[in-house]
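Okay, so here's the structure we're looking at.
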Amino acid sequence: MTITGIAITGCGSATPSVLLDNHGLSQRVETSDEWIASRTGIQHRRLADPQTGLSTLATSAAQEAIAMANLDPAAIDLIILATSTADDLFGSASLIQAQLGATKAVAFDMTAACSGFVFGLVTAAQFIRTGAYQTVLVIGADVLSRWVDWSDRRTCILFGDGAGAVILQADEQEHLLGFEIRSDGRQNQSLNLSYQPQPQEILPGITIGQGTYHPITMNGQEIYRFAVKKVPEVIEKALFRANLTVDQIDWLILHQANQRILDAVAERLNIPSEKVISNLAKYGNTSAASIPLALDEAVREGKIKLGDRIVTSGFGAGLTWGAAVFEWGR
């Protein structure tokens with residue numbers, strides 16, 4: 001079997017126009033800008049209005065990535081949508097495929113919460129390596145504002161909405177240098193957006209459970225402890241697979257969950273703060289969107305340049321976590 005190299009050739013992002021800052025949030029719950037900013041690093045978040053769906057944001061981000069890669073949408077073979085908040089429980093990837101005009105592509109949703117983008121990247125890579133597909137669009141997108149309890153100040157301060165996307169293409173050189181992905185369901189109860197059924201009798205003796213998903217619940221201390229322990233470990237494993245050391249990395253892009261987590265992980269890995277990409281202050285935690293959103297901004301600002309080595313790591317509900325090491329561009 002021929003092993004095919006992989007290049008990441010385009011990126012894009014999209015966020016809603018509605019902005020909610022910490023001062024505005026303090027009118028809704030008992031909190032303050034100083035309290036939120038000092039504990040999380042978040043100052044603003046973007047929120048989707050009722051007319052803005054997950055597929056709208058994802059399609060916009062994907063169009064930017066396709067344009068940067070200088071592709072015709074009809075050249076895309078596969079679309080992977082990493083999301084926990086699809087517009088339709090049956091999935092939103094196929095709708096995005098139609099909106100893009102990616103007539104040849106097969107499309108499916110993937111759910112791995114805040115690790116979704118890294119898991120999607122790794123999944124896409126396997127299709128290219130085997131020669132099954134040449135060009136893959138990976139989208140990370142979430143509209144968590146739909147599922148936040150806006151009266152719970154422990155969680156409503158954290159989350160925002162957004163989308164990010166990348167194009168992966170088969171290449172003669174290998175630019176996806178290493179990865180490691182993990183799960184541990186024993187800690188599943190630490191972060192949930194759970195379905196809660198109510199008994200409904202449809203015939204005598206036959207009862208089913210019907211209901212809806214209830215807002216996000218989180219044990220913040222457990223998630224923090226999990227992240228600062230497991231993320232450096234998984235990054236080191238990915239770097240080992242890439243045959244690289246930390247000092248050979250140009251940029252660290254972590255899931256944008258909490259500035260304290262970003263700082264703690266960078267410190268444990270001895271990565272200087274100037275190599276850490278953070279846009280958490282502007283967008284909050286956008287789940288699967290956070291890594292590609294941060295990547296896209298850094299590329300378009302000229303921070304990340306062709307050939308730069310990037311290590312990225314996602315972590316969150318499941319619990320799931322993973323890391324990937326890649327060179328930008330081809």
Side-chain angles (χ1 to χ4, degrees), residues 39-42 80 82-85 110-123 138-142 144 147 154-155 157-160 162 164 166 178-193 216-242 246 249 251-269 271 275-280 283-295 310-326:
R39 286 163 176 78
T40 69
I42 300 167
I80 299 175
T83 188
S84 303
T85 55
M110 167 186 284
T111 301
C114 301
S115 306
F117 177 75
V118 172
F119 278 42
L121 201 66
V122 170
T123 302
V138 179
I139 308 167
D142 272 303
L144 288 173
W147 298 108
R154 295 169 300 175
T155 55
I157 64 172
L158 300 174
F159 298 105
V166 295
F179 69 85
E180 182 83 10
I181 53 177
R182 295 293 184 90
S183 301
D184 185 357
R186 292 172 298 177
Q187 297 186 73
N188 180 263
Q189 73 288 345
S190 299
L191 180 53
N192 303 99
L193 200 175
I216 295 167
T217 58
M218 182 174 70
N219 184 327
Q221 290 182 329
E222 282 300 315
I223 294 296
Y224 178 86
R225 281 194 289 265
F226 147 72
V228 298
K229 180 176 188 291
K230 295 296 187 182
V231 171
E233 289 176 2
V234 82
I235 287 174
E236 286 174 339
K237 285 186 170 66
L239 287 169
F240 176 78
R241 293 185 186 279
V246 168
I249 293 300
W251 302 102
L252 172 65
I253 307 180
L254 297 178
H255 164 51
Q256 308 286 297
N258 185 306
Q259 191 61 45
R260 287 180 172 181
I261 294 175
L262 272 63
D263 294 342
V265 170
E267 185 178 342
R268 291 195 181 197
L269 291 168
I271 295 177
K275 288 187 174 184
V276 180
I277 301 289
S278 174
N279 64 359
L280 179 69
Y283 302 111
N285 180 341
T286 56
S287 192
S290 78
I291 291 170
L293 179 54
L295 171 69
I310 299 160
V311 63
T312 187
S313 180
F315 51 90
L319 295 177
T320 57
W321 65 105
V325 186
F326 61 91

Minimal heavy-atom distance between Thr111 and Thr83, with the atoms involved, is OG1-O, 3.1 Å
Looking only at non-hydrogen atoms, find the nearest pair between Lys230 and Trp321 and report the distance. CB-NE1, 3.7 Å
Checking Asp142 against Thr286: is there a side-chain donor and acceptor pair closer than 3.5 Å? no
Please examine the side chains of Ile80 and Met110, heavy atoms only from C-beta on, and report whether any two atoms are closer than 4.5 Å. yes
Contact between Ile310 and Leu295 at the side-chain level, heavy atoms closer than 4.5 Å - yes or no? yes
Electrostatic pair Lys229:Glu233 at N-O distance under 4.0 angstrom: yes
Going from CG on Leu191 to CE on Met218, what distance comes out if it is rounded to the nearest 0.5 angstrom? 6.5 Å
When you look at Ile216 and Phe159, which way does the side chain to side chain contact (heavy atoms under 4.5 Å, CB included) test go after all the steps? CA-CA 10 Å; Ile216 295 167; Phe159 298 105; 4.2 Å; yes
Do Gln256 and Asn279 come within less than 4.5 Å of each other through their side chains, counting heavy atoms only? yes
State, to 0.1 Å, how close Leu121 and Ala324 come at their nearest heavy-atom pair, and which atoms those are. CD2-CB, 4.1 Å
Taking all non-hydrogen atoms of both residues, which atom of Thr320 and which atom of Ser183 are closest, and how far apart? CG2-OG, 3.7 Å
Quick one: pull up CG in Leu193 and CG in Leu144 and give me the separation to the nearest 0.5 Å. 7.5 Å
Contact between Trp251 and Val311 at the side-chain level, heavy atoms closer than 4.5 Å - yes or no? no
Can you tell if the side chain of Asn285 reaches within under 4.5 Å of the side chain of Cys114, non-hydrogen atoms only? yes
Between Thr40 and Asn258, is a side-chain hydrogen bond (donor to acceptor under 3.5 Å, both in side chains) present by the stated rule, with each step listed? CA-CA 5 Å; Thr40 69; Asn258 185 306; 5.6 Å; no
Are there over 12 heavy-atom neighbours, none belonging to Glu267, within less than 6.0 Å of that residue's CD? no
Ile235 versus Val265: any side-chain heavy-atom pair under 4.5 Å? yes
When rounded to the nearest 0.5 angstrom, what is the spacing between CD1 in Ile271 and CD1 in Ile249? 7.5 Å
Taking the side chain as everything from C-beta on, heavy atoms only, tell me whether Leu254 gets closer than 4.5 Å to Thr312. no
For Arg154, side chain to side chain contact (heavy atoms under 4.5 Å, CB included) partners two or more places apart: Asp152
Mind checking what makes side chain to side chain contact (heavy atoms under 4.5 Å, CB included) contact with Ala82, not counting sequence neighbours? Ala288
Mind listing the closest non-hydrogen atom pair of Val234 and Ser313 along with its distance? CG1-OG, 3.9 Å
Sequence neighbours excluded, the answer for ring pair (Phe, Tyr, Trp, His ring centres under 6.0 Å) partners of Phe315 is His255
Side chains of Val325 and Leu239, heavy atoms from C-beta outward: is any pair under 4.5 Å? yes
Under 3.5 Å: donor-acceptor pair, side chain of Ser190, backbone of Ile223: no
Note: Gly178 and Ala242 closest approach over all heavy atoms is N-CB, 4.0 Å
